[in-house]
K.L.:
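Dumping the structure here so I can ask a few things about it.
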Amino acid sequence: MTETTFDVIVIGAGPAGYPCAIRAAQNGLKVACIDGWKNRDGKYAFGGTCLNAGCIPSKALLESSELYHRAHAEFAAHGIQVGGLGLDVATMQKRKAGIVKASTQGIAGLFKAAGVTALQGHGRLLAGNRVEYTAGDGSTRALVAKHVVLATGSAPMELKSMPFDGQTIVDSWGALEFEAVPKRLGVIGAGVIGLELGSVWRRLGAEVVVLEALEQFLPMADQAVAKEALKHFRKLGLDIRLGAKVSAAKAGKDGVAVAYTDAKGEQAVTVDKVVVAIGRRPWTKDLLGEGTGVEVDPRGFIQVDHECRTGAGNVWAVGDVVRGPMLAHKGKEEGVMVADLIAGQFSEVNLKLVPSVIYTAPEIAWVGQTEEQVKASGRAYKVGSFPFMASGRARAMEAPAGFAKLIAAQDDDEILGVHVIGPMAGELIAEAVLAMEYSASTEDLQRTIHAHPTLSEGLHEAALAADKRAIDMPNR
Ligand SMILES: Cc1cc2nc3c(=O)[nH]c(=O)nc-3n(C[C@H](O)[C@H](O)[C@H](O)COP(=O)(O)OP(=O)(O)OC[C@H]3O[C@@H](n4cnc5c(N)ncnc54)[C@H](O)[C@@H]3O)c2cc1C
């Protein structure tokens, strides 16, 4: 078999792989990108989990369900009457599918424009930087590259006690495809994905029970934010049960009986559908042939250094399949970094400043250290918080919930962490990421002009509050 030669072959065209391929082509390299994602219709689609079954479809449904909820619960306060508010899940799903299709086809267009050879099918790394490509019709081709980048992503974890059946017990993708609002929905796991999906269906009218094994709510978030979030989610009607360890699920005539134990002992709840959102695991199935030298750790992650080198020849790995937060933007930056390093350019990714966002209402976003982490580090610190209740813009939006919180070092004023719960938190956090990327001090933020009236003034006021110089609220 003759081998086709490339400078770079990327396996996986999710948010880690496709930016890597495009940047490598921009750098003048001959690039191929292989992707095997197939949608429910059996057709291949680029974009990986993020575009097909993750970030984009979930945000489409979050937006629709939030509008419905606001029309139902908030429009009256604006003096807007909507008689006979109705819900058409089929149209909602069609809109979502259209957004997904436009996004995934967009990647095919970007590959074409950048000159990337796009190959749909399976890629398998063999020894000596060779890649076996199997197309959809089963035919195989031998490819070889100076550099191979593995970007094969992750897959949802399953609970042994309740395997996915695609109908009543589903993963996050399944929960984005419901054709009707389930009357009673069980969500296993109160992480980012569980809370987002629980919010979607709760806002559309489902009774939602969230079972979380840990006693602590959102342990990775600043605990002041977690406390505030729990209050709002419960107000929305999410029945969040902490310390609830699921032991079994049994489908019957009345629905799925989910058994769990908590501090009080054996419990049970019956629901119509269950979403298992307990986390994701790295995906390397059928990826590594004999003698590649690529090492996988006990949890299944491909081992890499800070520059995403596997240590095996010129093989790199990026995105969910390697250590670090399983986030699209983290994978994207790694992909771009690797493409630049391959081209001999300087590049790095600062894993300490990866923003996290939970797209609920109120939205939650943070970057850097939590107050608990700073306290544990022993460094003297100061905190400034500003409630959105005191923001004219937030009140005008009828969205006064939450606050912006900034934590800074007492000695040199360096910003150590920023945490926002409130309207558009995911957008607001970008300012904090940029400020921290440039090692800004609280004073730098204080002296930066923020337009009025905007939500970003909340962050400005939080920076001022850290030195007891807030203007729009009393300093304590
Ligand atoms: C419901 C949900 C919501 C999410 N929301 C967000 C969000 O709002 N923001 C955010 O940052 N992240 C979000 N995520 C996480 C995000 O989707 C992932 O972090 C991201 O998709 C990881 O990108 P990746 O490129 O590493 O992997 P993936 O997106 O999983 O892409 C990997 C690709 O490689 C393909 N592949 C695997 N093996 C092979 C092979 N051997 N040959 C060929 N192709 C192969 C796969 O089919 C897939 O297309 C969400 C995830 C879910 C499930």
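We use all heavy atoms of the structure for the numbers below, so side chains are in, but hydrogens, waters and symmetry mates are not. For ligands, and for the atoms within them, numbers begin at 1 and follow the listed sequence.
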K.L.:
Among D171, T152, N52, whose heavy atom sits nearest atom 37 (C) of ligand 1?
P.N.:
T152
K.L.:
Which is closest to atom 49 (O) of ligand 1 by heavy-atom distance: D35, V322, I34?
P.N.:
D35
K.L.:
At what distance is the nearest protein heavy atom to atom 10 (C) of ligand 1, and which residue and atom is it?
P.N.:
A328 N, 3.5 Å
K.L.:
Among all protein heavy atoms, pick out the one at the shortest distance from atom 13 (C) of ligand 1; state its residue, atom name and that distance to 0.1 Å.
P.N.:
C55 SG, 3.3 Å
K.L.:
How far is atom 20 (C) of ligand 1 from its nearest protein heavy atom, and which residue and atom name does that atom have?
P.N.:
P15 CG, 3.6 Å
K.L.:
Please list, in number order, the atoms of ligand 1 under 4.0 Å from a heavy atom of I193.
P.N.:
1 (C), 2 (C), 51 (C), 52 (C), 53 (C)
K.L.:
Return a table of donor-acceptor pairs under 3.5 angstrom between the side chains of residues 98-109 and protein atoms on other chains or two or more places apart.
P.N.:
residue: S103; atom: OG; partner: I99; partner atom: O; Å: 2.7
residue: T104; atom: OG1; partner: V100; partner atom: O; Å: 3.3
residue: T104; atom: OG1; partner: K101; partner atom: O; Å: 3.2

K.L.:
A16 versus ligand 1: do any nitrogen or oxygen atoms come within less than 3.5 Å of each other?
P.N.:
yes
K.L.:
Which protein non-hydrogen atom lies closest to atom 15 (C) of ligand 1, naming both residue and atom, and how far is it?
P.N.:
M326 O, 3.8 Å
K.L.:
I want to confirm something. Looking only at heavy atoms, which of W37, W283, F46 is nearest to atom 47 (O) of ligand 1?
P.N.:
W37
K.L.:
Could you check F46 against F111 for ring pair (Phe, Tyr, Trp, His ring centres under 6.0 Å), going step by step and ending with a plain yes or no?
P.N.:
CA-CA 10 Å; F46 291 118; F111 277 163; 5.2 Å; yes
K.L.:
Please write down residue, atom name and distance for the protein heavy atom closest to atom 27 (O) of ligand 1.
P.N.:
G153 CA, 3.1 Å
K.L.:
For residues 425-439, tabulate all N or O donor-acceptor pairs below 3.5 Å that involve a side-chain atom, not counting sequence neighbours.
P.N.:
residue: E431; atom: OE1; partner: H450; partner atom: NE2; Å: 3.3
residue: E431; atom: OE2; partner: H450; partner atom: NE2; Å: 2.5

K.L.:
Is the closest heavy atom of G335 to ligand 1 under 4.0 Å?
P.N.:
no
K.L.:
Does the residue K38 have a heavy-atom contact with ligand 1, meaning some pair of atoms that are separated by less than 4.0 Å?
P.N.:
no
K.L.:
State the CD1-CG distance between I9 and L125, to the nearest 0.5 angstrom.
P.N.:
9.0 Å
K.L.:
Go through the steps to decide whether W37 and N39 satisfy the test side chain to side chain donor-acceptor pair (under 3.5 Å), and finish with yes or no.
P.N.:
CA-CA 7 Å; W37 184 282; N39 272 322; 2.9 Å; yes
K.L.:
So, does K59 sit close enough to ligand 1 that a heavy atom of it is under 4.0 Å from the ligand?
P.N.:
yes
K.L.:
Just going by heavy-atom distances, which of P282, G36, A317 is nearest to atom 45 (C) of ligand 1?
P.N.:
G36
K.L.:
Counting each atom of ligand 1 from 1 as listed, which ones have a heavy atom of D320 under 4.0 Å away?
P.N.:
18 (C), 19 (O), 20 (C), 22 (C), 26 (O)
K.L.:
Taking both backbone and side-chain atoms of G123, is any N or O found less than 3.5 Å from an N or O belonging to ligand 1?
P.N.:
yes
K.L.:
Near S154, which atoms of ligand 1 are under 4.0 Å from a heavy atom of that residue?
P.N.:
30 (O)
K.L.:
Any idea which atoms of ligand 1 are less than 4.0 Å away from a heavy-atom of G48?
P.N.:
29 (O), 31 (O), 48 (C), 49 (O)
K.L.:
Is C50 in polar range of ligand 1, meaning some N or O pair under 3.5 Å apart?
P.N.:
yes
K.L.:
H232 vs E228, test: side chain to side chain donor-acceptor pair (under 3.5 Å). Steps then yes/no.
P.N.:
CA-CA 7 Å; H232 287 287; E228 178 78 3; 2.9 Å; yes
K.L.:
Under 3.5 Å between any N/O of V321 and any N/O of ligand 1: does that happen in this structure?
P.N.:
no
K.L.:
Considering heavy atoms of the protein only, find what lies nearest to atom 29 (O) of ligand 1 and give residue, atom and distance to 0.1 Å.
P.N.:
T49 N, 2.9 Å
K.L.:
Taking only non-hydrogen atoms of G331, do any sit less than 4.0 angstrom from ligand 1?
P.N.:
no
K.L.:
Got the closest protein heavy atom to atom 3 (C) of ligand 1, with its distance?
P.N.:
G54 C, 3.4 Å
K.L.:
Heavy atom to atom 43 (C) of ligand 1, shortest distance: which of G12, S356, G121, S172 holds it?
P.N.:
G121
K.L.:
Answer yes or no: does an N/O atom from K285 fall short of 3.5 Å to an N/O atom of ligand 1?
P.N.:
no
